[in-house]
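Please read the structure below before turning to the comments.
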Amino acid sequence: MSSPRSAEPGRVAVVGAGIAGITAARTLAQAGWEVTVFEKSRGAGGRMATRRTAFGGFDHGAQFFTVRDERFRLALQATGAPIAPWNVSLVRVLDELGRHVAAAPPARETRWVATPGMSALVHAWAQPLIDGSVGQCHANARVVRLAPDPIAPARWALHLDAADDTPPIHGGFDAVLLAIPAPQAAELLHASAVAADWQARLRDEVVMAPCWTLMAAWPLAAQPGLDGLGPRWHAARSDHHRIAWVARESSKPGREPLERWVIQASPAWSAEHLEDDAERITGKLLKGFAEITGIRATPGHAVAHRWRYAQTQRALGEPYLWDPRSGLGVCGDWCLGYRVESAFLSGLALALAIAEG
């Protein structure tokens, strides 16, 4: 796979349908490339995730985003992105037992959320790929190996572990972009016996922390005469020994009014308890949540979700990696930082580097 690549648009596979992957896919499609996206989960979104339940939606990944780069601002405006400002009442919990609460300083920039859930932004941007108007998007399709195409060895074939009728091998790609967390990209490159230098960089230079997230609902709080549960504030950053963040879902625009909270554990606590069972995690996070909010009622719904690679703690320090000779590239928020905007900028920069030759 070392012959020079043509600068003309060709066929590209994008592995991962988070905001970085979808941004790269849309940009290359607009530049004339034939784009196919492969996503291991049920749909687009990545860590901009919303869990739909009988009790309403939970943003159990990214909680909000800010806009600092003009390119991100223009993309949101030009696409009519389904977003709204979140004018949240935010506090800071200042001690590890959750007992000292102070008002957070005034926000210096707008906090934005997608509506009606955080996944809606990526879903909207992915729709032309999902409906086939500018490319293709395969869900429930986990890529397990990259290899030379047996029919056209100068191109790539993707070997899949697919849960539906998606064929197990897709070939004929001039380029493959990995828009997945750095440890997963390193693992896929290792399984494919390619890019050993990239594998080392992704393993040694990038640090990503896990996060246990709890989604809890109190449907009885919606009874007449009850004005919700707990504090008057709606979100808190926390120095509690277990919990880093809590947010009342109904405080976000476009959400259902039922009393629902997202509770996110700290990176250190999540790493310490990474392999604990979900029931044990649920009990411990509910205890910490009660200490922070004073809500001690038993929730009618409580489900824990583990993100193995939730937040970048040490970034790669460059927006992407791209090898034009092999046609391999990687991108993601972890290239630049941990923000939603970082993922967008990484995917955009990689796509433009490819499109401009």
Are [X] and [Y] close enough that some pair of their side-chain heavy atoms sits under 4.5 Å apart?
{"X": "W245", "Y": "I263", "result": "no"}
{"X": "F72", "Y": "V340", "result": "yes"}
{"X": "T66", "Y": "W112", "result": "no"}
{"X": "I19", "Y": "L121", "result": "yes"}
{"X": "L214", "Y": "I281", "result": "no"}
{"X": "Y320", "Y": "L348", "result": "no"}
{"X": "R92", "Y": "V101", "result": "no"}
{"X": "R255", "Y": "V113", "result": "yes"}

Using atom types as modelled, flag every donor-acceptor pair under 3.5 Å from a side chain in residues 124-131 to any protein atom, sequence neighbours excluded.
unit_1, atom_1, unit_2, atom_2, d
W125, NE1, T79, OG1, 2.9
D131, OD1, S133, N, 2.9
D131, OD1, S133, OG, 2.8

Those residues at least two apart in sequence (or on a different chain) that pass ring-ring contact (aromatic ring centres under 6.0 Å, His included) with H60 are H305, W307
ring-ring contact (aromatic ring centres under 6.0 Å, His included) filter on H138, not counting sequence neighbours, yields F38, H170
Members sharing F58's hydrophobic cluster, built from side-chain contacts under 4.5 Å between Ile, Leu, Val, Met, Phe, Trp and Tyr, are M215, V262, V303
Taken in chain and number order and not counting sequence neighbours, the residues that satisfy salt bridge (Lys or Arg N to Asp or Glu O under 4.0 Å) with E275 are R306, R308
Residues at least two apart in sequence or cross-chain that pass salt bridge (Lys or Arg N to Asp or Glu O under 4.0 Å) with E272, listed by chain then number, are none
Residue pairs meeting side-chain hydrogen bond (donor to acceptor under 3.5 Å, both in side chains), one or both in residues 177-196, sequence neighbours left out, come to H190-Q199
Does the separation of the ring centres of F289 and W218 fall below 6.0 angstrom? yes
Applying side-chain hydrogen bond (donor to acceptor under 3.5 Å, both in side chains), name anything that partners [X], two or more places apart in sequence or on another chain.
{"X": "T110", "result": "none"}
{"X": "R26", "result": "none"}
{"X": "R42", "result": "none"}
{"X": "R73", "result": "E70"}

Applied to residues 202-213, the salt bridge (Lys or Arg N to Asp or Glu O under 4.0 Å) test, sequence neighbours excluded, yields R201-E205
Does a salt bridge link [X] with [Y], judged by any charged N lying under 4.0 Å from a carboxylate O?
{"X": "K284", "Y": "E279", "value": "no"}
{"X": "R325", "Y": "D323", "value": "no"}
{"X": "E291", "Y": "R242", "value": "no"}

>> Using the rule given for salt bridge (Lys or Arg N to Asp or Glu O under 4.0 Å), can you reason through D174 versus R155, listing the C-alpha separation, both sets of side-chain angles and the distance that settles it, and then say yes or no?
In response: CA-CA 5 Å; D174 299 287; R155 293 184 168 88; 2.9 Å; yes
For R47 and Q311 the tightest heavy-atom approach is NH1-N, 4.4 Å
